[in-house]
**Q** 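Have a look at this one.
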Amino acid sequence: MALNYDLKAEQVLKILGYSEPVGEEFINGIEQEYNIKLPKCLRDFYMVAYQCPLLSTADIWTDGIRFFYEAIEEEIKDFEEDYKDNPEEGADDEYYQFTQFLSKIPKEQWPEHVTNYLEIGSDYSAGVVEYGICVKDLDKEDPPVYYLHEADEITDWKLFCNTLSGYFMLVLCDALLCKHYKTASYILTEAGFGFNLCKYDEAEETSKELGIDLSTLKEQVMSNGKVTWGYDKEKNVLIVAGTDNNYKYFFWVCTIQLKNL
């Protein structure tokens, strides 16, 4: 089996039947609303991933994105409501104190104290981590992606993935491997694809059987594992594989027999 590993997330979605440019209006609306130019990588992905049902339970927002400053403004309003009767209750809340500081200075000065990010996703299962692109990187074709855990300071965004395309790949791989939800299995099976998800204890034996090149596995910062995918055009089969130390089964493999679209 000759597998092509050099695939972008939007190419995989197109292989799975999501080939219509459904996201053009959404993308253009974001650029007009904020008067910005989105990275080419993001535009290419959202062109076919907008409201994609395969990603409805994935760690990415497919029907809306926002700036981190907007989230901070919402927090300021919420805190003002929570502490309006007893403002002294927030004296020990560092997050509250910092947002109160921001609320008292012009927004034009915020960049001196906290960096703004274009937020594009969060962990669907718990909602404690958010993912975003630094505004200073929006002029890059394929910028890095950072993450912020709710337990950290709002200035403490950490590098998650060196490229946006890599982030899309990791998110889509997890969705197809059904690590947390069986959404992809239900949707693809109902659509007539041959969907087969297997979990193996031994990666070496399974990889040899399917011809998976383990050197193509890419590390997942948040999941203590790695993922890869490959497409056999001749046999019309997509294979997704991954390792994950957090689960009983160390090695996961998903084979998808594609339809002749």
**Q** Assert yes or no for the condition that the ring centre distance of F26 to Y50 is strictly below 6.0 Å.
**A**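 Close enough - the centres of the two rings lie under 6.0 Å apart.
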**Q** Should I120 and W61 count as side-chain neighbours, where that means a heavy-atom distance under 4.5 Å?
**A**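 They are not in contact (no side-chain heavy atoms under 4.5 Å apart), so the answer is no.
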**Q** Begin from the C-alpha positions of R43 and E24 and carry the test salt bridge (charged side-chain N to carboxylate O under 4.0 Å, His left out) through to its verdict.
**A** CA-CA 8 Å; R43 289 183 58 88; E24 185 171 7; 5.9 Å; no
**Q** Less than 3.5 Å apart, any donor N or O on the side chain of Q51 or Y46 sitting next to an acceptor on the other?
**A**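 Note: Q51 and Y46 side chains miss the donor-acceptor criterion.
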**Q** Do W229 and Y5 make the cut of ring centroids closer than 6.0 angstrom?
**A**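 Aromatic pair excluded; centres sit 6.0 Å or further apart.
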**Q** Using the side chain to side chain donor-acceptor pair (under 3.5 Å) definition, which of the options D244, T243, D174 pairs with Q220?
**A**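 When D244, T243, D174 are each tested with Q220, the side chain to side chain donor-acceptor pair (under 3.5 Å) holds only for D174.
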**Q** Would you call K158 and D156 a salt bridge, using N to O less than 4.0 angstrom?
**A**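 Looking at K158 and D156, the cut-off is met.
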**Q** In chain order, what residues pass the salt bridge (charged side-chain N to carboxylate O under 4.0 Å, His left out) check against R66, with sequence neighbours excluded?
**A**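 Checked R66 against salt bridge (charged side-chain N to carboxylate O under 4.0 Å, His left out); matches are E74, E119, E130.
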**Q** Do the ring centers of W157 and Y147 come within less than 6.0 Å of each other?
**A**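 Between W157 and Y147, the centre distance exceeds or equals 6.0 Å.
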**Q** Side chains of K218 and K226, heavy atoms from C-beta outward: is any pair under 4.5 Å?
**A**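 Side-chain contact under 4.5 Å: no.
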**Q** Is the closest side-chain heavy-atom distance between L170 and F168 below 4.5 Å?
**A**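 Contact flag for L170/F168 side chains = no.
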**Q** I want to know whether H113 and F101 have ring centres closer than 6.0 Å.
**A**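 Here the rings of F101 and H113 have centres that are less than 6.0 Å from each other.
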**Q** Tell me if the aromatic rings of Y124 and Y181 count as close, with their centers under 6.0 Å from one another.
**A**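 Distance test on ring centres: under 6.0 Å, yes.
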**Q** Do Y18 and Y186 land in one hydrophobic cluster if side-chain heavy atoms of ILVMFWY residues count as linked below 4.5 Å?
**A**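 Hydrophobic grouping puts Y18 apart from Y186.
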**Q** Answer with yes or no whether the side chains of D123 and Y131 bring together a donor and an acceptor at under 3.5 Å.
**A**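 Side chains of Y131 and D123: no pair found under 3.5 Å.
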**Q** Among V48, L238, V240, find the one that has a side chain to side chain contact (heavy atoms under 4.5 Å, CB included) with V12.
**A**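 Of all the options given, the one that passes is L238.
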**Q** Looking at Y200 versus W252, is the centre-to-centre ring distance below 6.0 Å?
**A**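 Here the rings of W252 and Y200 have centres that are no less than 6.0 Å from each other.
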**Q** Using a 4.5 Å cut-off on heavy atoms from C-beta on, say whether the side chain of L138 contacts that of P143.
**A**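 Not in contact.
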**Q** Using side-chain heavy atoms (C-beta onward) and a distance below 4.5 Å, is L258 in contact with Y231?
**A**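 Yes. Closest side-chain heavy atoms under 4.5 Å.
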**Q** With a 4.0 Å cut-off on N to O distance, would you call K107 and E73 a salt bridge?
**A**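 The answer is yes: the pair qualifies as a salt bridge.
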**Q** Spell out, as yes or no, whether a donor-acceptor pair under 3.5 Å connects the side chain of D137 to the backbone of K140.
**A**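 Answer holds: no.
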**Q** Side chains of I36 and V135: closer than 4.5 Å at any heavy-atom pair?
**A**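 The answer is no; the side chains never approach within 4.5 Å.
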